[in-house]
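Computed over heavy atoms, backbone and side chain alike; hydrogens, waters and symmetry mates excluded. These numbers come from a predicted model, not from an experiment. Just so we're on the same page: letters track the sequence lines, and every chain starts at 1.
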Amino acid sequence: MDRQIIQPRTLKGFTDVLPAAGQYRRRMLRVIEETFCSFGFDPIQTPNVEYAEILKGKGGGDNDKQMFEFRDAGGRDVALRFDLTVPLARFVAQHGSRLTMPLRAYNIGYVFRGDRPQKGRYREFLQCDADIIGETDVSADAEILAIAQAALTRMDFGRFVVRVNNRRMVNGLLNGLDLGDRITPVLRALDKIDKIGPAGVTAELAQVEVDAAVVERILAVLAARGETNEATFAAVADLVDSAEAEAGLEELRTILDLVVAAGGDPDVVRFDPSIVRGLDYYTGMVYEIGFVEAPEVGSVGGGGRYDNLTGLYTRSRFPGVGGTIGVTRLMSALESLGRIRDAERQRPLVVVTRGNQEDQIADARLAASVRETGLFDVDLYPGAARHAAQMKYADGRGAMFVLTLDDPTTVSVKELRSGDRTSIAVEQVADLLPKLAGISRS
RNA sequence: GUGGCUGUAGCGCAGCGGUCUAGCGCACCGGGUUGUGGCCCCGGGGGCGGCGGUUCGAAUCCGCCCAGUCACACCA
């Protein structure tokens with residue numbers, strides 16, 4: 001009788017969410033959605049799977065190699081989305097006439113990349129995008145930064161830094177340096193400054209044969225990062241001489257002023273000239289969110305302005321700006337900080353144990369009456385295990401109270417932390433529990 | 001895609017050529033004790049990633065495969 005056991009396992013880069021972590025994820029999503037809505041964004045959704053040609057769009061890029069692509073049963077060439085921005089471009093091009101412009105929409109969903117997984121990197125991860133489409137004015141850029149900061153602050157997980165730059169500034173700078181087709185490797189080197197240091201950047205640039213004088217110039221801009229945004233602006237302004245770069249710098253200054261006006265903290269939203277970002281569709285402002293306490297998991301969000309993205313799908317022009325918060329990344333950050341231990345609940349948990357099997361109806365009524373307060377999560381013990389086992393269960397779940405009916409009209413309330421126990425009439429439970437818990441219904 | 005490291009119970013580990021009928025902690029199951037749980041006591045199930053090779057003898061050495069993991073490239 002040796003039954004074949006199928007080994008339980010998940011695909012490389014795909015992962016389960018256990019109950020304790022699930023509570024944290026729920027809190028993140030709740031805060032994010034509330035924040036997005038409070039900025040006047042509406043929820044939208046696009047499918048996980050699209051025609052491959054939609055997602056590959058411009059073709060050839062690095063993204064194509066990372067895409068999960070296959071044929072469906074009807075022989076269509078399809079793929080799983082690798083971000084939420086490209087599908088949004090398709091969405092806007094397809095429904096443009098029915099949308100009120102400028103469109104403010106947020107989209108929460110899983111994206112897929114056939115990357116090699118490592119710390120904080122998965123092949124399936126949850127992103128929360130917010131975008132403003134149909135507006136070129138930089139006040140939209142500022143809204144996106146403000147919304148990101150607001151969401152992360154409200155989550156209250158620790159310190160974040162939103163590092164902002166402007167591609168126009170960078171392009172203006174590099175165009176004046178006669179780099180030709182070496183711009184891309186130069187951008188990459190720039191982006192790595194914090195990881196490999198100035199010497200590392202110099203070494204990389206030497207590999208693509210950039211003049212020493214030019215390297216020095218680039219490093220000077222990077223080194224210009226000051227203690228305050230003003231200091232950074234002043235330092236970069238001294239080094240920049242092209243009209244485009246100056247315009248980009250001015251634009252960025254306006255954006256950051258607006259963010260501060262909207263309640264943003266200039267110590268959190270920082271001008272950082274090393275931020276360039278890899279995705280090639282960005283045309284203006286770009287930013288990246290770092291979680292200060294867990295830098296090793298990488299950035300927990302990012303975004304920027306993309307003014308040409310819908311051009312692939314329509315002749316109408318829909319400039320856009322948007323960004324994402326990476327929930328999966330945040331989860332690994334909390335995990336690596338050892339913060340995800342017991343399920344942290346929004347509301348205290350109450351376990352109603354099954355006192356005696358004859359009274360299941362009374363147990364159910366009791367549970368319902370406590371749920372109605374809206375102040376507790378109530379777990380009615382299913383089944384009729386030994387009472388000791390039920391207590392152990394309640395303890396393991398981190399319950400605050402255990403309720404056990406002594407008889408149909410009397411219930412004993414036990415506070416697990418202190419061990420105190422009292423017997424009261426069932427009608428009084430809904431009033432007593434909030435008092436014991438120190439919470440009020442308001 | 002490139003490179004390093006690792007694969008022993010559900011999880012975390014010890015064992016590194018014979019003393020291993022492979023052990024420890026946690027978890028799980030049964031029971032005892034107990035103030036309706038946390039502690040303690042007794043008992044129980046379950047494992048050397050796979051295939052070859054070296055050897056009198058392999059969890060232990062070698063090779064290949066598979067898997068995991070970390071780093072790079074890129075990125076949330």
In the strands shown, is B/rC26 matched to any nucleotide by a Watson-Crick or G-U wobble pair with both distances under 3.5 Å, and which? B/rG10
Using every non-hydrogen atom in the two residues, find where A/S332 and A/G120 come nearest and quote the distance to one decimal. OG-CA, 3.6 Å
Do the side-chain N or O atoms of A/R188 get closer than 4.0 angstrom to the phosphate oxygens (OP1, OP2) of B/rC74? yes
In Å, rounded to the nearest 0.5 Å, how long is the span from CE of A/M400 to CZ of A/R347? 13.0 Å
A/D377 vs A/R397, test: salt bridge (Lys or Arg N to Asp or Glu O under 4.0 Å). Steps then yes/no. CA-CA 12 Å; A/D377 292 334; A/R397 291 218 58 196; over 6 Å; no
Considering residues at least two apart in sequence or located in another chain, which fulfil the ring-ring contact (aromatic ring centres under 6.0 Å, His included) criterion with A/F91? A/H95
Holding to ring-ring contact (aromatic ring centres under 6.0 Å, His included), I want the full list of residues that pass it with A/F401, two or more places apart in sequence or in another chain. none
Distances under 3.5 Å between protein N/O atoms and the N/O atoms of nucleotides 64-67 of chain B, please, pair by pair.
none

Taking the same atom, P, in B/rG68 and in B/rC24, what whole-Å distance lies between them? 31 Å
Using both distances under 3.5 Å as the test, list the Watson-Crick or G-U wobble partner of B/rG3, or none. B/rC70
For the CG atom of A/L145 and the CE atom of A/M285, what is their distance to the nearest 0.5 Å? 4.0 Å
So what does A/T353 touch, heavy atoms closer than 4.0 Å: a base, only the sugar-phosphate, or nothing? nothing
Just the table, please: protein N/O against nucleotides 29-35 of chain B N/O, every pair under 3.5 Å.
none

So, is A/Q118 near the phosphate of B/rU69, with a side-chain N or O under 4.0 Å from OP1 or OP2? no
Taking the same atom, C1', in B/rG1 and in B/rG12, what whole-Å distance lies between them? 33 Å
Under a 3.5 Å cut-off for both distances, is B/rG52 Watson-Crick or wobble paired, and to whom? B/rC62
In the structure shown, which nucleotide is the Watson-Crick or G-U wobble counterpart of B/rC16, with both distances under 3.5 Å? none
Parallel under 30°, tilted from 30 to 60°, perpendicular over 60°: which one fits the rings of A/F14 and A/F68? perpendicular
Under 6.0 Å between ring centres: does that hold for A/F157 and A/F291? no
Would you mind reading off the distance between A/L84 atom CG and B/rC75 atom P, rounded to a whole angstrom? 16 Å
Interatomic distance where CD belongs to A/E204 and P belongs to B/rA73 [whole Å]: 7 Å
Sequence neighbours left out, cut at 3.5 Å: what donor-acceptor pairs do the side chains of residues 38-45 of chain A make with other protein atoms?
unit_1 : atom_1 : unit_2 : atom_2 : d
A/S38  : OG     : A/T35  : O      : 2.7

On RNA chain B, compare the nucleotides closest to A/V300 and A/G13; which residue's is nearer the 5' end? A/G13
Please check if atom CZ in A/R159 has more than 12 non-hydrogen atoms from other residues, nucleotides or ligands closer than 6.0 Å. no
Pairwise P distance, B/rU54 and B/rA9 [rounded to whole Å]: 28 Å
Give a yes/no answer on whether the side chain of A/K192 brings an N or O atom under 4.0 Å of OP1 or OP2 in B/rA73. yes
When you compare B/rG47 with B/rA27, how far apart are their C1' atoms, in angstrom units rounded to a whole number? 15 Å
Taking A/L403 as the fixed residue, which of A/V351, A/L433, A/T353 is the one that meets the side chain to side chain contact (heavy atoms under 4.5 Å, CB included) rule? A/L433
A/D194 CG to B/rC74 C1': how many Å, rounded? 17 Å
Please classify the nucleic acid contact of A/G301 as base, sugar-phosphate, or nothing, using heavy-atom distances under 4.0 Å. sugar-phosphate
Which residue lies toward the 5' end of RNA chain B, A/G326 or A/S412, if each is placed at its nearest nucleotide? A/S412
Using a distance-only test with no angle check, is there a side-chain donor-acceptor pair under 3.5 angstrom linking A/R90 and A/T46? no
If the P atom of B/rC5 is compared with that of B/rG63, how far apart are they to the nearest Å? 12 Å
What's the gap between B/rC29 and B/rG45 when it is taken at their C1' atoms, as a whole Å value? 8 Å
Protein-nucleotides 3-5 of chain B N/O pairs under 3.5 Å:
unit_1 : atom_1 : unit_2 : atom_2 : d
B/rG3  : O6     : A/R116 : NH1    : 3.3

In whole Å, what is the span from the CD atom of A/E296 to the P atom of B/rC70? 11 Å
Take atom CD1 of A/I196 and atom P of B/rA73, then tell me their distance rounded to the nearest Å. 8 Å
Under a 3.5 Å limit for both distances, which nucleotide forms a Watson-Crick or G-U wobble pair with B/rG47, could you say? none
Same-atom distance (P) from B/rC56 to B/rA14, integer angstrom: 31 Å
Are any side-chain N or O atoms of A/N166 and backbone N or O atoms of A/R168, one a donor and one an acceptor, separated by less than 3.5 Å? yes
In whole Å, what separates the P atom of B/rC20 from that of B/rU6? 26 Å
Using a 4.0 Å heavy-atom cut-off, does A/Y393 contact any base of the nucleic acid, only the sugar-phosphate backbone, or nothing at all? nothing
Would you indicate which nucleotide in B/rA76, B/rG38, B/rA71 comes nearest to any side-chain atom of A/D395? B/rG38
Between P of B/rA76 and CG of A/D115, the distance in whole Å: 10 Å
Does A/E143 form a salt bridge (Lys or Arg N to Asp or Glu O under 4.0 Å) with A/R104? I'd like the steps, not just the answer. CA-CA 10 Å; A/E143 281 282 87; A/R104 295 172 158 246; 2.8 Å; yes
